[in-house]
Amino acid sequence: MEIRLLNRAVTFAALGSLLLGIHTQALASTPSACLPVLLLASPAASDFIGGDEPWLRVTSSIRINTPPLDCLNECTGPSPDADGDGLTACEEACYATNDALLDSDADGMPDSFETDFGLDPLSEDAQEDPDIDGLSNLEEFLARSSPVDPNSPFRTFHVAPDGTDTAKAGGLETPWASIAFAIQQSGATPDNPARILLADGLYNENVALVPGVHLRGLGGAAVIVGAVAGADATDLSNLEIRAGAAESVLLEMNDVTMHLSRVVFRGDTARTATGILVDGTAPCDSVIENCTFTSLRTGLDVAASIPLIRRCTFTDLIIGIILRGPDAAFPCHTLGDPADRDSGWNTFDLGTITGRAIINERSQPVFAQNNDWGTNDPNVIKSSVEGEVAVEPFLPAGSALFAAALFCTVWESTTREPILDATIDLQVAPYPLLTGSEAGLYSYPALAEGDYELTITAPDHTGRQVDIDIPAGSVQSITVALQAFSDDDGPRRCFLRRPRATTIEDAGDALMLALLGLSLLATSRWFGHAA
């Protein structure tokens, strides 16, 4: 049995709510252990309702490719592992997988990960969710969690509009009815988080989060009609918060750290509400990505520290973002900086913003570069901001929709142990060297499309190289296995450079071609059909 939950893929993910997508494509491999394993063509802010493809397929059973036990039992002697995926050539022969490829079915998950958890390494099952915990198999791989355990990485509970608020409920077949009851029953803490999955439908209630709660829409059409009070160490994703009759602020982020991904903040036709009210210094460590702010007076009202805001859409507003002044001791993030791989790529639809896109009341300037304003006229863009706001360089009109992303997993070929201290140099843009990782996973949340050459070296390891084509709007996951040797005193590095020079104008031309030629990527805004 297969339950189709959602009609079109959305997203980008970044590490808190990683990687959903609909279109996969194998990349050409080279004689190398640096093997690209996944290309997900998924717009950063795409059509969440009304498409033809599911982003997540919940299955009632796991499709297992089980080789004869006597075949595996014979794989006891020495046998090579050419691709460094943790399976010997003998074991790969039993599974009928390819010992020259880390990921034989090119679905983004190495063969050994799939065989470890009983998945099928010869089936493109990246978007399936056999344990029905709201995370696809690919997300589970990138999160280093189990795709067959609903309580990995967190305990999972279910809520549906037709559920029952009794202590014994909370499961998939017997969901709770209200979010407030689910939060109370979950017992979530920062050290013992809980994921609460919302089935599609309306939830007419105000929600007060508690630390450790991860609130996620399971089908993509879960709508909270009311206000949400934020809390530390919480996550909101794949849902809509809609203003009711009395809400003036949809989400209060009052001196707390949160992660928001793929959340629609929707007001009403009067545009009287504020999407998010941000105060205090704790939001400095918050991330707001792939969110949409629409039919509001103000999208974001920031009184102190600026959260990391990237790949968001601001449309049908009076004010997009206001930074309260006159001064803030902890500004923290910019609103976009070409030298910062984590920021920017927001879309300000100036044709529907009747006031200012950005107002900076502070004496210190704020960078709002590398954003899309729906126009290439610098005078129009500069007139849409107030105060000290730097907007140049800006992205070509329409290009933010097609930002690509790269995730690079690096491990040691014989042990599959993650290499935690790699250094990544993206030479196509003025990004600083990337040295931080999450369990060996390195990320570039927003990149221009193009052909790249990836070269990875490490001390005491053999270097690898591969050419990678990153189309507009794609999310690409690359798994790299490096073979150890004894003499190499150089720094560990994962170099990514574009063979040919590309200007902003070239990128704009390429993106216009993508708009004309890649109809699957030319989608409307998330939840646009639900307005």
Side-chain angles (χ1 to χ4, degrees), residues 1-11 13 17 20-22 42-43 45-60 127-136 139 150 154 156-165 169-183 185-186 194-207 209 213-228 235-244 247 250-251 260-267 290-292 294-295 523-531:
M1 179 183 72
E2 185 174 278
I3 306 172
R4 297 171 71 89
L5 289 178
L6 187 61
N7 289 334
R8 174 155 307 269
V10 181
T11 111
S17 309
L20 304 174
I22 56 175
S42 172
S46 65
D47 194 10
F48 217 68
I49 290 178
D52 301 321
E53 303 278 354
W55 65 259
L56 185 64
R57 299 191 296 271
V58 175
T59 53
S60 61
Q127 294 88 47
E128 294 189 358
D129 181 19
D131 55 4
I132 315 181
D133 65 353
L135 295 177
S136 68
E139 289 181 290
F154 308 132
T156 299
F157 303 97
H158 292 263
V159 180
D162 59 353
T164 304
D165 283 342
L172 177 64
E173 300 297 330
T174 56
W176 287 313
S178 68
I179 300 170
F181 190 83
I183 291 174
Q185 293 294 309
S186 71
R195 176 179 291 109
I196 298 174
L197 299 179
L198 305 181
D200 290 351
L202 298 180
Y203 298 86
N204 292 285
E205 57 179 302
N206 293 328
V207 176
L209 299 175
V213 165
H214 292 237
L215 196 61
R216 184 175 184 132
L218 182 59
V223 180
I224 298 172
V225 182
V228 177
D235 181 287
L236 295 175
S237 60
N238 292 355
L239 53 83
E240 177 176 328
I241 303 175
R242 184 181 300 173
E247 281 71 43
L250 300 187
L251 172 63
L260 312 179
S261 177
R262 304 180 299 279
V263 179
V264 173
F265 295 88
R266 190 186 302 277
N290 297 315
C291 293
T292 298
T294 186
S295 302
T523 55
S524 62
R525 289 297 184 185
W526 183 23
F527 274 106
H529 297 289

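For the single chain, residues carry numbers from 1 onward in sequence order.
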Going by the side-chain contact (heavy atoms from CB on, under 4.5 Å) test, name the single residue among [options] that passes it with [X].
X: R242; options: I224, V223, N204; answer: V223
X: F265; options: T294, T292, L251; answer: L251
X: V228; options: V263, L215, V207; answer: V207

Contact summary for [X] and [Y], nearest pair of heavy atoms:
X: T174; Y: A169; answer: O-CB, 3.1 Å
X: L135; Y: R195; answer: CD1-NH2, 3.4 Å
X: N290; Y: S261; answer: ND2-OG, 4.4 Å
X: P161; Y: Y203; answer: CD-OH, 3.2 Å

Under the side chain to side chain contact (heavy atoms under 4.5 Å, CB included) rule, what do I183 and L209 come out as? Steps first, then yes or no, please.
CA-CA 7 Å; I183 291 174; L209 299 175; 4.1 Å; yes
Separation of [Y] [atom2] from [X] [atom1] (nearest 0.5 Å):
X: I179; Y: I196; atom1: CD1; atom2: CD1; answer: 8.0 Å
X: R216; Y: L236; atom1: CZ; atom2: CG; answer: 11.5 Å
X: I241; Y: L250; atom1: CD1; atom2: CG; answer: 6.5 Å
X: D133; Y: E139; atom1: CG; atom2: CD; answer: 8.5 Å

For [Y], is there any backbone N or O sitting under 3.5 Å from a side-chain donor or acceptor partner on [X]?
X: E240; Y: R266; answer: no
X: D165; Y: A177; answer: yes
X: N206; Y: G226; answer: no

Derivation of the side chain to side chain contact (heavy atoms under 4.5 Å, CB included) call for Q185 and W176
CA-CA 10 Å; Q185 293 294 309; W176 287 313; 3.5 Å; yes
